[in-house]
J.: 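Pasting a structure below so you can have a look.
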Amino acid sequence: MLTELEQKVIRGLQRDLPVTARPFQEVAQELGLSEAELTVIIRRLMDQGYIRRFGATIRHRLSGFQANAMVAWSVPADQIEQVGTLMAACREVTHCYERQTSDTWPYNLYTMIHGKTQAECEDIAQSLAAAAGIRDYVLLFSDAELKKTTMRYFQE
Amino acid sequence: MTTQPNAQLDDVDKAILNLIQSSFPITPRPYAAVGEKVGLAEDEVVARVQRLVRDGVIRRIGANFNSRRLGYTSTLCAAEVPEEQIDRFIAVVNQYPGVTHNYLRRHRLNVWFTLIAENTERLAAILEEMQTQSGIAKIYSFPANRIFKIQVDFAL
């Protein structure tokens, strides 16, 4: 369970860190904490898995991976463990989730694939399909980013 | 924000980015620690990071939380939205702070977004509201059963 202080720190960390020599000082002041207290709590939240990662988020387009595709796969239930593990091990796959399906949507495994071009994403999907022995899949290329933001937790 | 697909990143920029993506120092003077590793003074590192933010190479610097660990629930949603109703649908969906990513994708199911909520009841209620307000009768929800991989760092 999170203490009230930890929840307060989580709220305080939902803004972007200022790029200054002492970025934690500004956040600590807002929270009425010392810099040292704040950094100790942040490290604890990281150790306990509440914070998955702390640091800079780079725009993909600038990392040389200009194209991305979400690929939805229909994987037999008894192969999901093996196929999910195989795809997750691929360097070009950044996200791999097993998800629930619906009557008209049989796809139960999702991967985000990053490549230099759309054609490269298609090639990667094809190799993954061959390696995993999965024939039923759809590539979902994005035409527009409609929203990208970070969640605000514990807002009253 | 406009980003330059071929932003000029020198080796020092890349070294800094690699460090602050995956191991941002949680210490009072993080950029001094980064500077020691890349052979620059603290103020030079700060100036470079400020430039990288200004140029749009860095999207943000801060904490990325594990929503599940924080007790929240999340799902991937999709809908088939006729062209002439897209603007309205997006306006309805994007007003919820729990919608953190939303993309137009090339498929019959053409709008895909992620939704985070305090609990499953609230999540179901939000989906109901979205359907009522937008007039799109069916929003699919594909919650994750299992996460095989989340990799948000890009080695530069």
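Here the structure is a predicted model, which is why all the values come from computation and not from measurement. Protein chains get the first letters and strands the later ones, always in sequence-line order, with residue 1 at the start of each.
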J.: Under a single-linkage rule joining Ile, Leu, Val, Met, Phe, Trp and Tyr whose side-chain heavy atoms are separated by less than 4.5 Å, which residues share a cluster with A/Met1?
T.: none
J.: Looking at B/Ala63, B/Ser23, B/Ser141, which one has more heavy-atom pairs under 4.5 Å with chain A than the rest?
T.: B/Ala63
J.: Do you know which of A/Met87, A/Met70, A/Met46 has the most heavy-atom pairs under 4.5 Å to chain B?
T.: A/Met70
J.: For the candidates B/Val99, B/Val93, B/Thr114, which exhibits the highest count of non-hydrogen atom pairs separated by less than 4.5 Å from chain A?
T.: B/Val99
J.: Among B/Trp112, B/Tyr140, B/Phe142, B/Phe24, who wins on heavy-atom pairs under 4.5 Å with chain A?
T.: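 Looking at each option in turn, the highest pair count goes to B/Phe142.
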J.: Output all residues satisfying salt bridge (Lys or Arg N to Asp or Glu O under 4.0 Å) with A/Arg99, sequence neighbours left out; order by chain, then residue number.
T.: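 For A/Arg99 there are no salt bridge (Lys or Arg N to Asp or Glu O under 4.0 Å) partners, ignoring immediate neighbours.
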J.: So what's closer than 4.5 Å to chain B heavy atoms on A/Tyr153: side chain, backbone, both or neither?
T.: both
J.: Distance only, no hydrogens: is a donor on one side chain within 3.5 Å (strictly under) of an acceptor on the other, for B/Tyr96 and B/Glu129?
T.: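 Side-chain D/A pair, B/Tyr96 to B/Glu129: present.
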J.: Check the hydrophobic clustering (I, L, V, M, F, W, Y; side-chain heavy atoms under 4.5 Å; chains of links allowed) and say if A/Leu139 and A/Ile134 are grouped together.
T.: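 Shared cluster, yes.
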J.: Does any heavy atom of chain A fall under 4.5 Å from the side chain of B/Ile90, the backbone, both, or neither of them?
T.: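 Only the side chain of B/Ile90 comes within 4.5 Å of chain A.
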J.: Counting only non-hydrogen atoms closer than 4.5 Å, can you tell me which residues of residues 74-89 of chain B sit against chain A?
T.: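 Listed by number, the contacting residues are B/Thr75, B/Leu76.
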J.: Under a 4.5 Å cutoff for heavy-atom pairs, which residue among B/Gly98, B/Ser22, B/Pro97, B/Ser67 has the most contacts with chain A?
T.: B/Ser67
J.: Anything in residues 27-49 of chain B with a heavy-atom distance to chain A below 4.5 Å? Please list those residues in order.
T.: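 The residues closer than 4.5 Å to chain A, in numerical order, are B/Thr27, B/Pro28, B/Arg29, B/Pro30, B/Tyr31, B/Glu42, B/Val46, B/Val49.
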J.: Could you tell me which portion of A/Tyr110 (side chain, backbone, both or neither) has an atom closer than 4.5 angstrom to a non-hydrogen atom of chain B?
T.: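 The side chain, not the backbone.
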J.: Specify whether A/Trp105 and B/His107 have parallel, tilted or perpendicular ring planes, treating 30° as the upper limit for parallel and 60° as the lower limit for perpendicular.
T.: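 Perpendicular.
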J.: At a heavy-atom separation under 4.5 Å, does A/Thr104 approach chain B through its side chain, its backbone, both, or neither?
T.: both
